[in-house]
Amino acid sequence: MAVTLFAAIDVGSYDVEMKIYEFTARKGMKVIDQIRHRIELGKDTYNTGKIGVEKIEELARVLSDFSRIMSGYKVEAYRACATSAIREAENKALLVEYIQRMTGITIESLDNEEQHFLDYKAISFGVPGFYKIIQNGTAIVDVGSGSVQISLFDNDKLVTTQNIRIGNLRIREKIADFTRDTVHLEDMVEELINNELASFKKMYLKDREIKNLVVAGGFVNDLIKKQSVTAEEFGQMYELILHKRPQEIAKEFGVPSESASLILPSVTIYKRLIEEMGAEIIWMPGQDLSDGIAYDYAQKNKFMKTEHEFTEDIIASARNIAKRYQCNKSHIKNLENLALPIFDKIRKVSGLDARDRLLLQIAVILHGCGKYINLANGAECSYSIIIATEIIGLSMRERSIIANVVKYNTLDFNYLDVIHQPGIGQNEYLLIMKLVAILRVANAMDRSHKQKFRSVRLTLKEQELIIAVETDEDITLEKGLFPPKAEFFEEVFHIRPVIRQKRTV
């Protein structure tokens, strides 16, 4: 029986954890070892903006130990991911380079959206009947050290995901200097978070019924040894710890004493969210980022089957953004039916892959969002909206690619502007050009937004992409605007798109 060993390393804000997983055809995914070391990297980042030399050297020693353990197990692959403490540190690049040089371990700094997408995968794997649960209004809430991520689901679809910078460690550090002046610490925590929650409720919760709240972090599993409780039972737990000192919480619930000071900020955030959403059932799957990393690895290597297509959540999130900015739904659908088949037809000769196809589809869905702000400057506004808007499952690099594809769909291509953007190198630049070329051709074929073609058939013949369209409408506009788009397409792919019209009877 084939056995694969994989290590997931979570470089978090208050500890570093490594789990070693065994994948087998019969048993699926199983944790065979777990090692955790307490180190508050986030305390340095949230107080000073960077991680101190002593903590970096301590992290290197811990990861060197992890490397030796992986060698002992003969681990075949690993993935080491860092979250907000390293992501937000001014000296992130120096830290990552030093760790790689001293330990041989490469740390991947996850964007917020990537991190919570992995958390979501872990939860979907760890909660029995998860996809039945999210048929009804459900919120996945992850209270982390630096922020709170809220993802709303309804009818098995992701409605929105939003990040609020009010994590438990960040809150603790903000109020550390004056906690001794009050006995009602929870009141200060609530004051810090209430304004953010009020804005979230106004924008995303009106007329939305949330029955289930899934807890993805914040030490709640240490306090409640169940997979689910009612909102009333959660409230009883909250009242039980409300006036206890951190040392008492640590002793009574078996929580590490160094973590106990983070529990009250965490459960206070959850308590307020339960109140604002009116959630009835609170789910606590007990999965963490390491589980998400392992599940993602298993999926990509086909060690495990999934009943859910996660890319559909990314697409659903983009469609909800397009809806928010009142994009033309019919035009988007038509462009998808034009751009994606063009992509598929030239895929073998283009150097593009399935992930690139997803980025093109998101660009199609969001290409008109900027018109909501300014009709005359829609391309620039679309770029700004996409850069500023979280899309679960997409990295900042991928959002930047999409934003540039949308921007240069209508504007003249500017090499210097693109290549000097953060995260954009030569490979990203080439990908942007290729996706722009496809989007321009597709967009030119529906320039009137009237969806004139009854059918479109594509044939790739030597260095021509023949686009046979069936219509009895006047397509003079489309034909007139097509040549410049075709020239750019030919420049990029060395394939000339040609429209051939067949009139219907």
Check against salt bridge (Lys or Arg N to Asp or Glu O under 4.0 Å), Lys19 and Asp291: CA-CA 8 Å; Lys19 287 184 181 180; Asp291 299 314; 3.2 Å; yes
Main-chain N/O of Ile133 paired with Thr138 side-chain donor or acceptor, under 3.5 Å: yes
Under 3.5 Å donor-acceptor, Ser395 side chain and Glu398 backbone: yes
Arg101 CZ: over 12 foreign heavy atoms closer than 6.0 Å: yes
Donor-acceptor contact present, side-chain Tyr46 to main-chain Ile171, <3.5 Å: no
Whether Lys485 side chain and Ala437 backbone form a donor-acceptor pair below 3.5 Å: no
Polar side-chain atom of Thr103 near backbone of Ile99 as donor-acceptor pair, under 3.5 Å: yes
Expected output: side-chain Ser67 to main-chain Leu63 donor-acceptor under 3.5 Å: no
Chi angles and distances behind the side chain to side chain donor-acceptor pair (under 3.5 Å) call for Glu17, Gln34: CA-CA 7 Å; Glu17 176 190 69; Gln34 180 177 3; 2.7 Å; yes
Step-by-step side chain to side chain contact (heavy atoms under 4.5 Å, CB included) determination, Tyr78 to Ile105: CA-CA 9 Å; Tyr78 79 92; Ile105 291 176; 3.9 Å; yes
Backbone N/O of Gly370 and side chain of Asn374: donor-acceptor pair under 3.5 Å: no
Asp356/Arg347 under salt bridge (Lys or Arg N to Asp or Glu O under 4.0 Å): CA gap, chis, key distance, verdict: CA-CA 10 Å; Asp356 301 329; Arg347 180 170 171 174; over 6 Å; no
Validation row, ring centre Tyr429 to ring centre Tyr415 under 6.0 Å: yes
Phe488 six-ring face occupied by Arg440 cation (under 6.0 Å, within 45°): yes
Working for salt bridge (Lys or Arg N to Asp or Glu O under 4.0 Å), residues Asp111 and Arg397: CA-CA 9 Å; Asp111 289 338; Arg397 168 189 167 274; over 6 Å; no
Heavy-atom side-chain contact between Ile391 and Leu366 under 4.5 Å: yes
Geometric cation-pi criterion Lys121 and Tyr295, 6.0 Å radius, 45° cone: no
Test item: side-chain donor near acceptor, Thr160 and Asn320, under 3.5 Å: no
4.5 Å side-chain heavy-atom contact, Ile282 and Val214: no
Under 3.5 Å: donor-acceptor pair, side chain of Glu428, backbone of Gly425: yes
Heavy-atom side-chain contact between Leu41 and Ser13 under 4.5 Å: no
Non-hydrogen side-chain atoms of Pro341 and Val456 separated by less than 4.5 Å: no
Chi angles and distances behind the side chain to side chain contact (heavy atoms under 4.5 Å, CB included) call for Arg165, Arg170: CA-CA 8 Å; Arg165 290 166 64 86; Arg170 199 186 296 272; 3.4 Å; yes
From CZ (Phe130) to CD1 (Ile123), nearest 0.5 Å: 6.5 Å
Atom OH of Tyr98: over 12 foreign heavy atoms under 6.0 Å: yes
Full working for side chain to side chain contact (heavy atoms under 4.5 Å, CB included) between Trp283 and Leu213: CA-CA 6 Å; Trp283 298 85; Leu213 189 146; over 6 Å; no
Steps toward salt bridge (Lys or Arg N to Asp or Glu O under 4.0 Å) verdict (Arg319, Glu336): CA-CA 12 Å; Arg319 293 199 195 283; Glu336 286 183 272; 3.0 Å; yes
Over 12 foreign heavy atoms within 6.0 Å of CZ, Arg457: no
Between Phe310 and Tyr120, ring centroids under 6.0 Å: yes
Distance (rounded to the nearest 0.5 Å) between Asn443 CG and Phe482 CZ: 11.5 Å
Under 3.5 Å donor-acceptor, Asn409 side chain and His367 backbone: no
Tyr383 versus Asn377, side-chain donor and acceptor atoms under 3.5 Å: no
Interatomic distance, Leu439 atom CG to Leu335 atom CG [nearest 0.5 angstrom]: 6.0 Å
Modelled atom types, side-chain donor and acceptor of Glu88 and Thr45, under 3.5 Å: no
Short side-chain to backbone donor-acceptor contact, Arg79 and Ile9, under 3.5 Å: no
Residue Glu108 excluded, over 12 heavy atoms near CD under 6.0 Å: yes
Donor + acceptor pair across side chains of Asp142, His116 (<3.5 Å): yes
Stacked cation flag Lys30 on Tyr21, 6.0 angstrom / 45 deg: no
Distance (rounded to the nearest 0.5 Å) between Leu340 CG and Arg357 CZ: 4.5 Å
Smallest separation among heavy atoms of Val405 and Val436, with atom names: CA-CG2, 3.6 Å
Among Val143, Asn163, Ile140, the one residue meeting side chain to side chain contact (heavy atoms under 4.5 Å, CB included) with Gln149: Asn163
Gap between atom OH of Tyr408 and atom CG of Asp417 - 0.5 Å precision: 3.5 Å
Reported OG-to-CD1 distance for the pair Ser317 and Ile392, which is rounded to 0.5 angstrom: 7.0 Å
